[in-house]
Amino acid sequence: MEYTVKSGNPEKQRIGCVAIPIYASRKLSASAKVIDKASNGYISNLVRRGEIEGDLGNTLLLHNVENTLCDRVLLIGCGKEKDIDVKTFYKINHHMVKRLQASGATEIASYLTEVPVKRKDISWKIQHSIEAIDETLYTFNQLKTEKKEARRPLRKFIFSVNGRGQLMLGEQAVRQGMAISAGIHLAKDLGNLPANMCTPDYLAKQAAKLDVQHNRIKTSVLEEKDMEKLGMGALLSVSRGSREPGKLITIEYRAGDDKQAPIVFVGKGVTFDSGGISLKPGASMDEMKYDMCGAASVIGAINACAELQLPINIVGIIPTVENMPDGIACRPGDIVTSMSGQTIEILNTDAEGRLILCDALTYAEKFEPDVVIDVATLTGACIVALGAHPAGLLSNHNPLANDLLSAGQTSGDRCWQLPLWDDYQEQLKSNFADIANIGGKGAGTITAACFLSRFTKKYHWAHLDIAGVAWKSGEHKGATGRPVGLLAQYVLDRLQDTK
Ligand code: BES
Ligand code: MN
Ligand code: ZN
């Protein structure tokens, strides 16, 4: 879709459709009033007759409205003008797109930019409209032989801004919205691909693609023999049971000062998590193809930052493996030595995410990072604790946690902090090794983070448990692309602070 910005009155737009907000109850927006005046009270008449209430989800499509240059006027109910928050704004965009798809319009001028969203400005509204529109239009049908294409797909979307003074701001917001949205799209595609296609090798090829597309990105891949030399016994113990060789992918985006310490993102890339010898139950096991969504979001976020040519250094580290049962697979009770030198008793082979992450986190030290943020579909317990709304956040550095919480509020891709208290560390005691890979009953998300914290002592670190937010189950099963929005916003905020 092509997105642009423009200033000008709604009745003067020579275009397929003009989208106009209406508030509850039956309240005309500024742009609705302009069209109403031009059309000699046509809109207010319809509203008075009760054709549209202005409730969220209401839409009314009008044709050939007098004294307008557009083919259609689409009235969009936004609910109470004073109650519009981030979520409502998303839904307004969603309903608009659904209605437009059912019409024949392919080019739209939208005046939803005038809708007041609590504590958000015009740039935010444009950026997030793009994310909401693309989200609504997203389909994953490349593996269906018969593709249901839209009858007349939307082609062009113009955001109205108030006067020429806002054009530059608007254009910048469009660039940001499109870059982040493309990153989300990429993360969704990678997540939705099944595990027989999205293998560790496939992820490595995707990373190599970024290298080709952006001249400030360099990617490299460590193979199993390289990881053996580095002593990554924890990571290798997981990939042992699979025919797919494990890999450690590094994506370096360097567009900042040479001496500037990089932000390091680490993404869990388990392309399929059967549980290994501690095999998972059969129901919904297909969803474990999404166990690489941390990796996908790191790829998506770095792609967005590179697309925007942000002047900053970012390193993405992706440990990627498949967790399978096999004759040579690692067993419960096995003890392995991690790259850090600490020994780990593997009491459950299904707690594999932390095993690949711990070696990746040790490897991260070599980049002398400013901060390290790992992203992982790590624990079912996180879904129990927080459901599908925020990601779980745990950190050894409160300022970093606060930056992420704040980026979550701004982007709408939220996280919620859980305590990383020493009290929980006791649960990881092992009779035979330095540490066990599970913490027993209680606080599963926290003990998983406690495990990781043993490997992150040398830098400021935050962990995002995205088990609840990375995909939706049920009828609309699919990857969400989260937390690309959060990570991208975190980077944008960092640049803002240093200005
Ligand atoms: N990938 C899973 C976590 C997960 C489960 C994400 C369900 C989304 C939905 C992870 O590798 C795992 O299996 N974790 C175990 C840890 C346990 C064995 C300590 C879990 O959560 O059950
Ligand atoms: Mn597992
Ligand atoms: Zn897993």
Side-chain angles (χ1 to χ4, degrees), residues 191 195 198 200 203 234-235 237-242 244 246 266-297 318-325 329-334 344-360 374-392 394 418 424 427-430 435-452 463-474 477-480 482-483:
C198 183
L203 284 180
L235 189 156
S237 76
V238 182
S239 70
R240 261 181 88 81
S242 169
E244 298 291 340
V266 178
K268 172 178 173 183
V270 176
T271 58
F272 188 73
D273 180 12
S274 69
I277 297 298
S278 314
L279 195 65
K280 285 183 182 295
S284 305
M285 207 206 265
D286 65 290
E287 295 189 3
M288 281 302 122
K289 72 173 180 177
Y290 291 118
D291 214 15
M292 35 54 68
C293 282
S297 71
I318 295 171
T320 174
V321 300
E322 188 183 47
N323 187 21
M324 295 293 256
C330 155
R331 306 158 274 271
D334 283 4
I344 304 166
E345 185 183 14
I346 300 173
L347 289 171
N348 190 321
T349 65
D350 197 12
E352 84 298 341
R354 60 199 80 180
L355 294 173
I356 67 167
L357 287 169
C358 72
D359 280 341
D374 80 76
V375 191
T377 49
L378 204 63
T379 63
C382 193
I383 311 175
V384 176
L386 298 173
H389 304 296
L394 297 104
L418 299 172
Y424 294 98
Q427 287 176 245
L428 294 171
K429 271 193 187 139
S430 157
I435 184 174
N437 82 324
I438 52 170
K441 279 222 169 68
T445 303
I446 298 175
T447 54
C450 282
F451 180 93
L452 299 179
H463 159 64
L464 291 166
D465 193 329
I466 59 164
V469 302
W471 75 90
K472 288 186 238 171
S473 306
K477 188 188 290 183
T480 62
R482 289 179 68 182

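The basis for the numbers below is simple: all heavy atoms, side chains too, and nothing from hydrogens, waters or symmetry mates. Whatever order the structure lists them in is the order used to number ligands and atoms, beginning at 1.
Side-chain contact check for P483 versus I466: some heavy-atom pair is nearer than 4.5 Å. With a 4.5 Å cut-off on side-chain heavy atoms, C450 and Q427 do not count as touching. Looking only at side-chain heavy atoms (C-beta outward), R482 and V375 stay at 4.5 Å or farther from each other. At least one side-chain heavy atom of L279 sits under 4.5 Å from a side-chain heavy atom of M285. The shortest distance between side-chain heavy atoms of I344 and C358 falls below 4.5 Å. At a threshold of 4.5 Å between non-hydrogen side-chain atoms, the residues L357 and L378 count as touching. The side-chain heavy atoms of K477 and D286, taken from C-beta on, include a pair separated by under 4.5 Å. Two residues are said to be in side-chain contact when any heavy atoms from C-beta on lie closer than 4.5 Å; P319 and V266 meet this criterion.
Within the listing of ligand 1, atoms 12 (C), 13 (O) sit less than 4.0 angstrom from a heavy atom of K280. Distances below 4.0 Å separate heavy atoms of I383 from the following atoms of ligand 1: 8 (C), 9 (C). Residue-ligand proximity, K268 to ligand 1, at heavy-atom distances under 4.0 Å covers atoms 1 (N), 10 (C), 11 (O). Close approach of ligand 1 to E352 (heavy-atom distance below 4.0 Å) involves ligand atoms 11 (O). The ligand atoms of ligand 1 that sit less than 4.0 angstrom from a heavy atom of W471 are 8 (C), 9 (C).
A467 CB, 3.6 Å is the protein heavy atom nearest to atom 6 (C) of ligand 1. Nearest to atom 16 (C) of ligand 1 among the protein's heavy atoms is R354 NH2, 3.9 Å. Here the heavy atom of the protein found nearest to atom 7 (C) of ligand 1 is M288 CE, 3.5 Å. Atom 18 (C) of ligand 1 has as its closest protein heavy atom N348 ND2, 3.5 Å. Looking only at heavy atoms of the protein, atom 12 (C) of ligand 1 is closest to D350 O, 3.2 Å. Of the protein's heavy atoms, D273 OD2, 3.6 Å lies nearest to atom 2 (C) of ligand 1. The nearest heavy-atom contact from the protein to atom 19 (C) of ligand 1 is I438 CG2, 3.5 Å. Atom 21 (O) of ligand 1 has G380 N, 2.7 Å as its closest protein atom, hydrogens excluded (heavy atom only).
When atom types are taken as modelled, the side chain of D465 and the backbone of C382 share no donor-acceptor pair closer than 3.5 angstrom. Side-chain atoms of N437 do not come within 3.5 Å of backbone N or O of E352 as any donor-acceptor pair.
Of all heavy-atom pairs between A436 and S430, the closest is N-CB, 3.7 Å. In terms of heavy-atom proximity, I318 sits nearest to A295 at CG2-CB, 3.5 Å.
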> Would C198 and M292 count as a side chain to side chain contact (heavy atoms under 4.5 Å, CB included) if you check the C-alpha gap in whole Å, the side-chain angles of each, and the deciding distance to 0.1 Å?
Replying inline: CA-CA 9 Å; C198 183; M292 35 54 68; 4.0 Å; yes
> Does the pair E244 and T271 meet the rule for a side-chain hydrogen bond (donor to acceptor under 3.5 Å, both in side chains), with working shown?
Replying inline: CA-CA 10 Å; E244 298 291 340; T271 58; over 6 Å; no
> Do C330 and I277 pass the side chain to side chain contact (heavy atoms under 4.5 Å, CB included) test, and can you show the C-alpha distance, the side-chain angles, and the key distance before you say yes or no?
Replying inline: CA-CA 7 Å; C330 155; I277 297 298; over 6 Å; no
>> Please determine whether side chain to side chain contact (heavy atoms under 4.5 Å, CB included) holds for the pair D350 and D273, giving the CA-CA distance in whole Å, both sets of side-chain angles, and the decisive distance to 0.1 Å.
In response: CA-CA 8 Å; D350 197 12; D273 180 12; 3.2 Å; yes
>> Please determine whether side chain to side chain contact (heavy atoms under 4.5 Å, CB included) holds for the pair T379 and T447, giving the CA-CA distance in whole Å, both sets of side-chain angles, and the decisive distance to 0.1 Å.
In response: CA-CA 10 Å; T379 63; T447 54; over 6 Å; no
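Protein N/O/S atoms found under 2.8 Å from the Mn ion (ligand 2): D273 OD2, D350 O, D350 OD1, E352 OE1. For a distance threshold of 2.8 Å, the protein N, O or S atoms nearer than that to the Zn ion (ligand 3), listed by chain and number, are K268 NZ, D273 OD2, D291 OD2, E352 OE2.
Proximity of E287 to ligand 1, defined as any heavy-atom pair under 4.0 Å, is not found for any part of the residue.
Counting heavy atoms only, L378 comes closest to atom 14 (N) of ligand 1 of the residues V384, I466, L378, N437. Among A448, G275, A351, the residue whose heavy atom sits closest to atom 17 (C) of ligand 1 is A351.
In summary, D374 and K268 do not engage in a salt bridge, as defined by a charged side-chain N under 4.0 Å from a carboxylate O.
Geometrically, ligand 1 and T377 share a nitrogen or oxygen pair separated by less than 3.5 Å.
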